[in-house]
Structures are given as C-alpha cells and as structure tokens.
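Start at 1 and go down the list; that is how both ligands and their atoms are numbered. Hydrogens, waters and symmetry mates are skipped; everything else that's a heavy atom, side chains included, is used.
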Amino acid sequence: MAKKTVGQIDVRSKRVLVRVDFNVPLGEDGRVTDDRRVRQALPTIRSVVEGGGRCVLMSHLGRPKGDGPDARFSLALVARRLSGLVGKPVRMAPDCVGPEVSGQVAGLKDGEVCLLENLRFHPAETIKDKDAALDPELKERKLAFARKLAELADVYVNDAFGTCHRDNASMLTVPQLMSGKPRVVGFLVEKELKFLGDALRRPARPFVVLLGGAKVSDKIPLIDALVERCDAILIGGAMAYTFLRADGLSVGDSLVEPERMEEARRIRQAAGAKLHLPLDSVTAEQLKAGTLTTVCERAIPTGRAGYDIGPQTVRAYTELIAGARTIFWNGPMGVFETPPFDAGTLAVARAVADATEDGAVSIIGGGDSAAAVDAAGLDERMTHISTGGGAALEFLEGKPFAAIEVLDEA
Ligand code: ADP
Ligand code: MG
C-alpha cells in the first residue's frame with residue numbers, strides 16, 4: 001500500500017514539522033563536506049514552501065554525548081547551507097523544544113522555513129521503546145520530549161529514510177502523538193519506498209544482485225532475503241574470501257571471517273548456481289596505493305591478500321549485468337579507496353550504468369558503494385541511489401518499519 005505524500009495534502013498556513021536527515025559529514029574544521037543529504041530534502045521543503053506552509057525542519061547530527069547543546073554538533077552550519085539552496089533565509093532555532101522555540105515557530109509566516117537544533121541534544125530522542133516499556137520513567141521522558149515536538153505542528157512529514165528503522169522520538173513517538181492530524185511521507189521517503197519496495201519486491205527479470213564490501217556477517221540476512229527473489233548473486237569484495245575459503249580454497253592473507261564459514265556454506269547450498277564467486281583476484285603483499293599487484297586465479301598464496309576482483313571476474317560479471325533488467329548493488333568489489341584496487345568496482349559501476357541506459361532498473365544501496373559510484377561520476381546514470389544505508393538493508397531484509405507504518409495511507 002502506498003503512503004500519502006506531502007504533495008497530496010494542503011499545507012497552506014499550517015505548521016509543517018518535517019523530519020529530515022541532515023546528518024551530514026563534517027570536516028575537521030566543522031564544515032559540511034558533502035551536502036547531498038541537504039539537497040535531497042529540497043523537493044519536500046520546496047513543496048511546503050510553495051504550498052504556503054510554515055516549514056519546521058528537525059534532524060539529528062552525529063552522536064553528541066550527554067545532555068544539552070554541543071557546538072560541534074550544531075545544525076547552524078547546515079542552516080546556512082540550506083538557505084543558499086532554497087534561496088531564502090532559514091531561521092536557526094536555539095534548541096528543538098522549549099518556550100523560545102515555540103515562540104519562534106509561532107512567529108513563522110506562510111512560506112517561511114526554520115530549522116530546529118540537533119534532536120540528539122536531548123537523550124530522550126534515542127530512548128528505545130523496548131527500554132521504555134520496562135522503565136516508566138524512561139517512557140515518560142520520551143513521551144514528554146515527543147509531546148513538545150508534536151505541539152509545534154499541524155502536519156507531520158517523514159523524509160528521513162536513513163532513520164526509519166529506528167523508533168526515535170522524532171520518528172515514531174511524535175507521529176503517534178499527532179494521530180488525527182495529517183502524517184505523511186516526504187518525496188525522498190516516497191522514492192525510497194518505491195524503489196526498494198516495489199522495484200525489488202517485484203523485480204523485472206533477470207534480477208541480478210551484486211554484493212561486496214568487507215564483511216559477510218553484515219550481509220547474511222540480506223542475502224537470505226534476496227536469494228529467492230533474484231536470478232544471480234555476484235559476490236565481490238572481502239566477503240568473497242569467506243565463501244572461497246569455505247569451499248576449501250586457500251585465500252592467503254585475504255580478509256576472512258572464520259566464524260562465518262559454516263553460514264557461507266549454508267548460503268552457498270541454498271543459492272546453488274545463482275551464487276557467483278570471483279574467478280580471479282588482484283592481490284598484493286601490502287595494501288598501498290600504486291603497490292605491485294599480481295592477478296591470482298582462485299588460490300592466493302600466503303603472504304598476499306586479495307584486494308579486488310580480477311579481470312576474468314570483471315568480464316563474467318559485466319556479462320551478467322548486461323543481461324539484467326533489475327540490478328541491486330551493495331558493497332564495493334574491492335578496496336576502491338586505494339588504487340589500483342578500485343578497478344573492479346569502477347568496471348562494475350560502468351557496467352551497471354550501461355545496463356541502466358539499456359533499460360534496466362539499477363538501485364545502489366550502501367554508503368561506500370554510493371561513494372564509489374559518485375567518485376566514478378556515474379551517479380546520474382543510475383536509476384536510484386539509496387540514502388538509506390542500514391535502513392535500506394533492513395528494509396530489503398523485510399523488517400517492518402513502525403515509523404512508516406504509523407503514517408497515513410494514500
Ligand atoms: P557499503 O557501505 O556500500 O555497504 P561496506 O561498508 O559493506 O559497503 O564495505 C565497504 C568496505 O569494504 C570498503 O571500505 C572497502 O575498502 C572494503 N573492502 C572491499 N573489498 C575488500 C577486500 N578485498 N579486502 C578488504 N576490504 C575490502
Ligand atoms: Mg560502509
């Protein structure tokens with residue numbers, strides 16, 4: 001069932017509380033190093049502004065410790081960046097709740113925007129419902145905090161997909177308390193649900209899944225969830241070595257998770273011929289940019305480790321990708337941060353982009369995979385790059401998201 005979106009409601013003169021994900025990376029000097037997340041929230045913000053709503057934005061940023069404000073995690077810098085992007089001043093609130101904030105929100109005119117200060121300056125934001133269920137005092141703290149946020153608004157919008165797998169006060173308790181008022185998804189969440197939900201649950205076939213990255217352990221539930229639905233799983237990255245090792249192959253000093261070998265065997269059994277492992281690896285004695293490399297077919301001698309998929313693997317995977325109608329990719333094929341071990345990831349990224357041009361739906365999930373696609377300048381050529389991170393993976397695993405379920409149906 002589809003969720004009602006911010007585009008389907010009348011926001012004129014209403015106070016619209018929008019949960020966004022402005023958890024942007026900050027540089028050493030505290031400046032915003034990548035404003036993708038801010039830019040991605042723009043369609044929703046513009047829709048509220050253009051509809052004559054009074055836009056009240058809230059987000060978390062980083063992991064501030066303890067109670068109260070902490071300048072290193074202030075959203076004020078984001079407010080400035082956002083002003084430039086929306087082309088109008090964004091008022092920065094001194095906190096996210098309290099009399100001063102209420103006053104500021106009450107003073108907003110139609111079409112104006114304000115940004116509340118970091119939600120995580122209040123530890124109540126991240127109290128888990130399962131802990132609150134055991135402790136009445138915790139429960140009351142979370143409720144009291146959420147009540148103050150809920151009182152700021154006439155409409156609730158969730159546009160923070162990356163946090164949708166959590167039961168934070170701003171994500172779940174606030175919309176629960178706003179029952180009877182419109183509670184909708186923003187355009188970013190709508191898009192994530194469309195691609196991660198519909199496209200991957202009822203994929204056009206062949207459906208090819210590319211999985212890489214460092215650890216198998218992170219991806220086991222994902223593999224289990226996708227194996228039935230897909231036609232091929234192409235494994236790369238360090239996690240390939242746990243599978244190869246479980247097959248009895250020597251993988252030298254490559255990263256393996258010995259405690260996951262049993263699980264790897266089980267997955268291999270279940271996936272059968274769908275599961276593809278690298279045919280060769282680019283190996284080196286040490287992980288260093290520009291280091292001397294050797295391509296090893298399957299077995300890797302001691303003293304060397306595999307840091308990327310090899311050319312034969314690239315060819316085989318490229319062919320399978322070219323024939324796909326739906327592609328989901330999570331996790332780089334090698335240590336793409338350190339050239340020349342970026343070659344496999346880049347080649348695969350190009351193959352996915354080409355397949356997309358030929359009509360396939362391509363969905364990229366995972367922070368590092370998205371970074372690799374960006375670095376290759378291929379982001380515009382993919383169908384969808386998920387902002388979800390951990391949330392996207394949990395969603396694909398089929399876990400229910402209470403923060404989405406609470407919102408109105410279209
Ligand atoms: P994503 O963020 O896309 O979900 P992961 O976080 O699972 O991806 O994995 C990314 C990390 O995996 C990268 O830092 C990359 O260097 C590492 N990695 C990939 N291949 C290897 C390898 N062969 N050996 C060691 N690390 C690897
Ligand atoms: Mg990662």
Side-chain angles (χ1 to χ4, degrees), residues 23 25 34 36-37 161-162 165 196 209-223 225-226 233-245 249-258 260 264 277-289 291 293-296 298-300 303-311 313-314 317 327-349 352 362-376 378-379 382 384-397:
N23 185 27
D34 178 0
R36 171 191 285 270
R37 286 188 162 153
F161 188 72
H165 56 323
L196 299 178
V209 174
L210 265 160
L211 291 179
K215 295 205 234 140
V216 197
S217 41
D218 294 343
K219 315 270 162 101
I220 288 168
L222 183 66
I223 302 177
L226 291 175
I233 302 188
L234 319 184
I235 305 278
M239 77 155 135
Y241 300 111
T242 300
F243 282 100
L244 292 169
R245 188 76 201 85
L249 231 73
S250 74
V251 296
D253 299 341
S254 308
L255 199 62
V256 282
E257 290 174 274
R260 297 294 174 181
L277 293 174
L279 305 166
D280 54 356
S281 292
V282 180
T283 72
E285 286 177 5
Q286 47 182 323
L287 181 59
K288 220 174 59 184
T291 190
T293 64
T294 310
V295 174
C296 294
R298 293 291 192 137
I300 301 170
R304 313 188 68 85
Y307 294 121
D308 194 11
I309 55 173
T313 311
V314 166
Y317 286 7
I327 301 159
F328 174 69
W329 180 14
N330 173 271
M333 296 287 105
V335 185
F336 74 103
E337 303 95 330
T338 314
F341 306 110
D342 56 345
T345 300
L346 289 179
V348 159
V352 175
S362 59
I363 296 162
I364 318 294
D368 292 292
S369 327
V373 168
D374 276 350
L378 296 169
D379 48 322
M382 307 298 183
H384 179 61
I385 299 182
S386 174
T387 51
L393 300 192
E394 287 195 22
F395 189 79
L396 288 173
E397 286 161 20

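- The closest side-chain heavy-atom distance from Thr293 to Pro340 is below 4.5 Å.
- Across all non-hydrogen atoms, the minimal contact from Phe336 to Asp368 is CZ-O, 3.5 Å.
- Listed here is the closest heavy atom pair of Gly365 and Asn330: O-ND2, 2.9 Å.
- In this structure Tyr241 satisfies the ring-ring contact (aromatic ring centres under 6.0 Å, His included) test with no other residue, sequence neighbours excluded.
- Using a 4.5 Å heavy-atom cutoff, the side chains of Phe328 and Leu222 are in contact.
- Met382 places a side-chain heavy atom less than 4.5 Å from the side chain of Val373.
- For the Mg ion (ligand 2), protein N/O/S neighbours under 2.8 Å (waters excluded) are Asp368 OD2.
- When heavy-atom distances to ligand 1 are checked against 4.0 Å, the residues falling inside are Gly213, Ala214, Lys219, Gly237, Ala238, Tyr241, Gly306, Tyr307, Asn330, Gly331, Pro332, Gly334, Val335, Glu337, Gly366, Gly367, Asp368, Ser369, ordered by chain and number.
- Side-chain contact check for Val251 versus Phe243: every heavy-atom pair is 4.5 Å or farther apart.
- Looking at residues two or more places apart in sequence or on another chain, you find a ring-ring contact (aromatic ring centres under 6.0 Å, His included) between His384 and Phe195.
- Counted by atom type alone, Thr387 and Arg37 present zero donor-acceptor pairs between their side chains at under 3.5 Å.
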